[in-house]
Amino acid sequence: MPTIRRVLIVGAGIGGLTAAIALRRNGINVEMVEQNPNWSVYGVGIIQPNNMLRALDCIGLAQQCAEDGAGFPGWRIHDKDGNHLMDAPSTCAAAPAYPENNGITRPRLQKILSDAALSAGATVSLGTTIDAIHDEGNAVRVTFPDGTSSSYDLVIGADGIYSKVRELLFGDKYRPLYIGQAVWRYNLPRLPSVTWGEMFFGPDSKVGLVPMAEKEMYMLLVSSEPGNPWMDRAQLADNMRQRLSAYTGPVAQLRERITDSAAVVYKPMETLLMPDPWYRGRTILIGDAAHAATPHLAQGAAMAIEDAVLLGELLGRDSGLQEVLDEFMRRRFERVRFVFDSCNQISTWEKQEWLGENDPNAKPGELLHSAILELMNDY
Ligand SMILES: Cc1cc2nc3c(=O)[nH]c(=O)nc-3n(C[C@H](O)[C@H](O)[C@H](O)COP(=O)(O)OP(=O)(O)OC[C@H]3O[C@@H](n4cnc5c(N)ncnc54)[C@H](O)[C@@H]3O)c2cc1C
């Protein structure tokens, strides 16, 4: 029997929902609070690498993701004009029954996770958060904005990169850091030729086309944006098109379809890595609240899901909480740090190259390939 019977999860996003499902599988009572009253996510896509599918398979959801998304075997590399340079196949070594990568829309992933969490018996209160956490040793008392309070055996902070739980636990010592690059994303009808992830390398940016369903794909553009400039939301389509002006070939043709600023999702890249441990007393952080890497390995949500599935598995064992939390950190910290460091390195090399300051030791393609292989290993 697990010693943890009642858990509060703050944040019902990718990590929080996955944790709710994993805990419910062990009979643990789960309540979630989610500050977004509409529980909505922005409408572009997410890449599910094979190790994420392995973790989702542990909670019975990989098959549904594969059915609702679009599998693809790796990345086709092109120059800015669309000339094919090489193929970089991915691997399905972690979960051989599933594709190497699966593109899926965020709303579809959110629906799969939220349906599973609710039907497993977790509850969610929308449009609310927590105000305070008091660790009382054998329980943790949480106060809510309406003045009520309740006691839990464990609180899980899954409230993303600007985590309030992190601030309540550790103060404002750990803050996201802007790293000088941004990602632009735009949904487009899928071209029949897009059967892999397609990457196009320009002089000061790179572009990706990612399948998300039979007839849907999204374009991602990574650009350097020194100083994290303010972007006028009404100008996002113009700004995205302008940054694509060096490309010819397929990217140039697609560029003309980027016309709706409201449909452009622009995200400055911010990073954060909390030192070990990510818990204090009976409250633990998972996902972006504890670690947010740049998207260069497409592993942010994968790491959040791996955190959640492992925590659920450990809490189902007949072990004391301290033992569970220590084992969790032992199995998560180095793996997450590896992702964090690899992404930062690739980002640094890219920024240097785009400034014309090539590092002779830069090998982003090799690092990406070896990092993805490494992440297929057990942890
Ligand atoms: C541009 C970009 C591209 C990416 N692409 C990929 C990709 O292809 N593959 C991949 O694996 N990862 C990708 N990621 C990373 C991925 O989106 C995140 O790592 C992942 O969403 C983290 O999940 P999470 O549950 O920790 O946080 P989130 O998904 O941010 O969820 C946090 C939830 O907590 C809620 N919340 C916040 N504050 C509070 C509060 N105080 N009280 C209550 N609720 C609160 C939020 O509303 C939200 O629902 C990308 C990230 C970016 C920025």
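For reference, positions follow the sequence shown, starting with 1. Atoms within a ligand are numbered from 1 in the order they appear, just like the ligands themselves.
Among Gln48, Met32, Glu270, Arg106, the residue whose heavy atom lies nearest to atom 5 (N) of ligand 1 is Arg106. Nearest residue to atom 15 (C) of ligand 1 from Gly300, Ala308, Gly103 is Gly300 (criterion: closest heavy atom). Evaluated by nearest non-hydrogen atom to atom 46 (C) of ligand 1, the leading choice among Lys164, Met303, Glu34 is Glu34. For atom 34 (O) of ligand 1, the nearest non-hydrogen atom from the set Pro268, Gly11, Ser163 belongs to Gly11.
The aromatic ring centres of Phe72 and Trp196 sit 6.0 Å or more apart.
Hydrophobic clustering, with ILVMFWY side chains joined whenever heavy atoms are under 4.5 angstrom apart, groups Ile14 together with Leu311. At a threshold of 4.5 Å between side-chain heavy atoms, the hydrophobic network of Ile, Leu, Val, Met, Phe, Trp and Tyr places Leu273 and Leu169 in one connected group.
Geometrically, ligand 1 and Gly15 share a nitrogen or oxygen pair separated by less than 3.5 Å. The shortest N or O to N or O distance between Thr129 and ligand 1 is below 3.5 Å. For ligand 1, the polar-atom distance check finds no N/O of Val10 at less than 3.5 Å from any of the ligand's N/O atoms. Geometrically, ligand 1 and Ala301 share a nitrogen or oxygen pair separated by less than 3.5 Å. Of the N or O atoms in Gly287, none lie within a sub-3.5 Å distance of an N or O in ligand 1.
For the side chain to side chain contact (heavy atoms under 4.5 Å, CB included) criterion with Arg331, the lone passing option out of Asp307, Asp378, Leu310 is Leu310. For the side-chain hydrogen bond (donor to acceptor under 3.5 Å, both in side chains) test with Ser150, the passing option among Glu31, Arg6, Arg141 is Arg6; the others fail.
From the protein, the heavy atom lying nearest to atom 1 (C) of ligand 1 is Arg185 NH2, 3.4 Å. Protein heavy atom closest to atom 45 (C) of ligand 1, with residue, atom name and distance, is Gln35 CG, 3.6 Å. Counting protein heavy atoms only, atom 31 (O) of ligand 1 is closest to Gly13 CA, 3.7 Å. Given atom 37 (C) of ligand 1, the protein heavy atom at minimum distance is Asp159 O, 3.2 Å. Closest to atom 28 (P) of ligand 1 among all protein heavy atoms lies Gly160 CA, 4.4 Å. Considering only non-hydrogen protein atoms, atom 19 (O) of ligand 1 sits nearest to Asp288 OD1, 2.8 Å.
Close approach of ligand 1 to Val33 (heavy-atom distance below 4.0 Å) involves ligand atoms 43 (C), 44 (N). Listed by number with element, the atoms of ligand 1 under 4.0 Å from a non-hydrogen atom of Thr128 are 43 (C). Ligand-side atoms of ligand 1 in range of Ala302: 11 (O), range being under 4.0 angstrom from any heavy atom. Those atoms of ligand 1 with a heavy atom of Ala158 less than 4.0 angstrom away are 32 (C), 33 (C), 34 (O).
Within the 4.5 Å cutoff, the side chain of Lys80 has no heavy atoms near those of the Phe200 side chain. A 4.5 Å side-chain heavy-atom check between Ile305 and Leu53 finds every atom pair outside the cut-off. No side-chain heavy atom of Asp359 sits less than 4.5 Å from a side-chain heavy atom of Thr348. For the pair Met269 and Val222, the minimum side-chain heavy-atom distance is below 4.5 Å.
Around CD of Glu256, the count of heavy atoms belonging to other residues, nucleotides or ligands within 6.0 Å exceeds 12.
Residue Leu220 places no heavy atom under 4.0 Å from ligand 1.
Relative to the six-membered ring of Tyr379, Arg332 meets both conditions, a distance below 6.0 Å and an angle of at most 45° to the axis.
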